[in-house]
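Here is the structure we will look at, set down as structure tokens.
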There are 2 protein chains.
Amino acid sequence: MTKPSTQACCPPAEPMPPVPRDPLEADAQLARLAKAIAHPARVAIIRLLVRQEGCIVGDIVEELPLAQSTISQHLKQLKEAGLIRGEVDGPRVCYCVEPGAVALFKTLVEAL
Amino acid sequence: MTKPSTQACCPPAEPMPPVPRDPLEADAQLARLAKAIAHPARVAIIRLLVRQEGCIVGDIVEELPLAQSTISQHLKQLKEAGLIRGEVDGPRVCYCVEPGAVALFKTLVEAL
DNA sequence: CCTGCCAATCGTATATCGACGATGCACGCT
DNA sequence: AGCGTGCATCGTCGATATACGATTGGCAGG
């Protein structure tokens, strides 16, 4: 097994999520995270990555009815929001969720 | 008590939240709700209404550093997303959260 | 009835989003 | 070394978001 297929990326990830204590900061953080998933395509991408059904960009492109460049843009937005991480794995790029960020988002939403 | 002050609006609200079963529909719904709170001002408004610290538009306008017309726009977006409800109370308008919609949002986020 | 006030709406300017095709860049392979 | 593949970035376009001041509309009070 020199090639562990498609799940060799980002295994343990962050240990825990940071939580802002300033209320205004929390509002801004929640708004930022919400904006990141405020599009059906990005929700679908997050779901795909959480379910581990694909981690490679090519798989995502095949799953969604959007152009490759568009997918790349959505991935960029998700990455900038800190919700996902991307690692270069040879000629491909492997994306996976940042569990801490997702947990933080859930916490902030629950605190509404 | 002919004038029960500022909390006479939308008391019992909806009994329960509807939950979409179609995955694509769920994605769209989550994206729509997320977009509604994808702005710090709207997050702040939701928090104000949840904490019942104000229900009248004038109170919200005084709390946030934004013009009255801008607040009104944000309220409109939140209302169109189904997250809040507005009732005319004499010359004023009373807004409050739609608990069912908030619960649905929390459920959808938790299901990520 | 006319005149307040409070909130919604209109009109506008600027910035960002969302989509695509075309191009650029880095990596493996032969 | 050269080539092909896979993803990111650029440039563009229309649509939408965000903010404000100005105006309109509805509801009590004089």
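By convention in this document, chain letters (A, B, ...) are assigned in the order of the sequence lines, proteins followed by strands, and residues within each chain are numbered from 1. Only a predicted model underlies this, so the values are computations on that prediction, with no experimental measurement involved.
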Separation of atom CG in B/Asp89 from atom C1' in C/dA8, rounded to whole Å: 17 Å
Between B/His39 and B/His74, what is the ring plane arrangement, given parallel below 30°, perpendicular above 60°, and tilted in between? tilted
Closest approach to the side chain of A/Gln77, judged atom by atom: which nucleotide of C/dA7, C/dG18, D/dC7 is it? C/dG18
Can you check whether A/Gly58's main-chain N or O pairs, donor with acceptor, with A/Arg92's side chain at less than 3.5 Å? no
Side chain of A/Val93 (C-beta onward), nearest among D/dG21, D/dC7, C/dC20: D/dC7
How many Å lie between CG on B/Leu66 and P on D/dA17, as a whole number? 17 Å
Roughly how many Å is it from CZ in A/Arg92 to P in C/dC29, rounded to a whole number? 10 Å
Numerically ordered, the residues 36-50 of chain A set in heavy-atom contact under 4.0 Å with DNA chain C is A/His39, A/Arg42
When B/Val88 and B/His74 are each assigned the nearest nucleotide of DNA chain D, the 5'-most assignment goes to B/His74
Between C1' of D/dT18 and NZ of B/Lys76, the distance in whole Å: 14 Å
Could you give the CD-to-C1' distance, from A/Gln68 to C/dA22, as a whole number of Å? 11 Å
Expressed in angstrom and rounded to an integer, what is the separation of B/Ile71 atom CD1 from C/dA7 atom P? 11 Å
Closest heavy-atom pair and its distance - A/Asp89, A/Cys94: CB-CB, 4.5 Å
Between D/dA8, C/dA7, D/dG21, spot the one nearest the side chain of B/Val57, thanks. C/dA7
Say you draw a straight line from CG of A/Leu66 to OG of A/Ser72; how long is it, rounded to the nearest 0.5 Å? 12.0 Å
On DNA chain C, nearest-nucleotide positions of A/Pro91 versus A/Lys35: which is more 5'? A/Lys35
Determine yes or no for a side-chain-to-main-chain donor-acceptor pair under 3.5 angstrom, with B/Arg42 supplying the side chain and B/Ala36 the backbone. yes
Check whether any side-chain nitrogen or oxygen of A/Tyr95 sits under 4.0 Å from OP1 or OP2 of D/dA8, and answer yes or no. yes
Grab the two heavy atoms, one from B/Ile37 and one from B/Val43, that are nearest each other, plus how far apart they are. O-CG2, 3.2 Å
B/Ile60 atom CD1 is separated from C/dA7 atom C1', nearest whole Å, by 11 Å
Given C/dC20, is OP1 or OP2 found less than 4.0 Å from the side-chain N or O atoms of A/Thr70? yes
Minimum-distance nucleotide to B/Ile56 side chain [options: D/dG21, C/dA7, D/dT9]: C/dA7
Is it true that atom NZ of B/Lys35 has more than 12 heavy atoms of other residues, nucleotides or ligands lying nearer than 6.0 Å? no
Quick one: is B/Gln73 getting a side-chain N or O under 4.0 Å of the C/dC10 phosphate, OP1 or OP2? no
Atom CD of A/Glu80 to atom P of D/dA8: distance rounded to whole Å? 12 Å
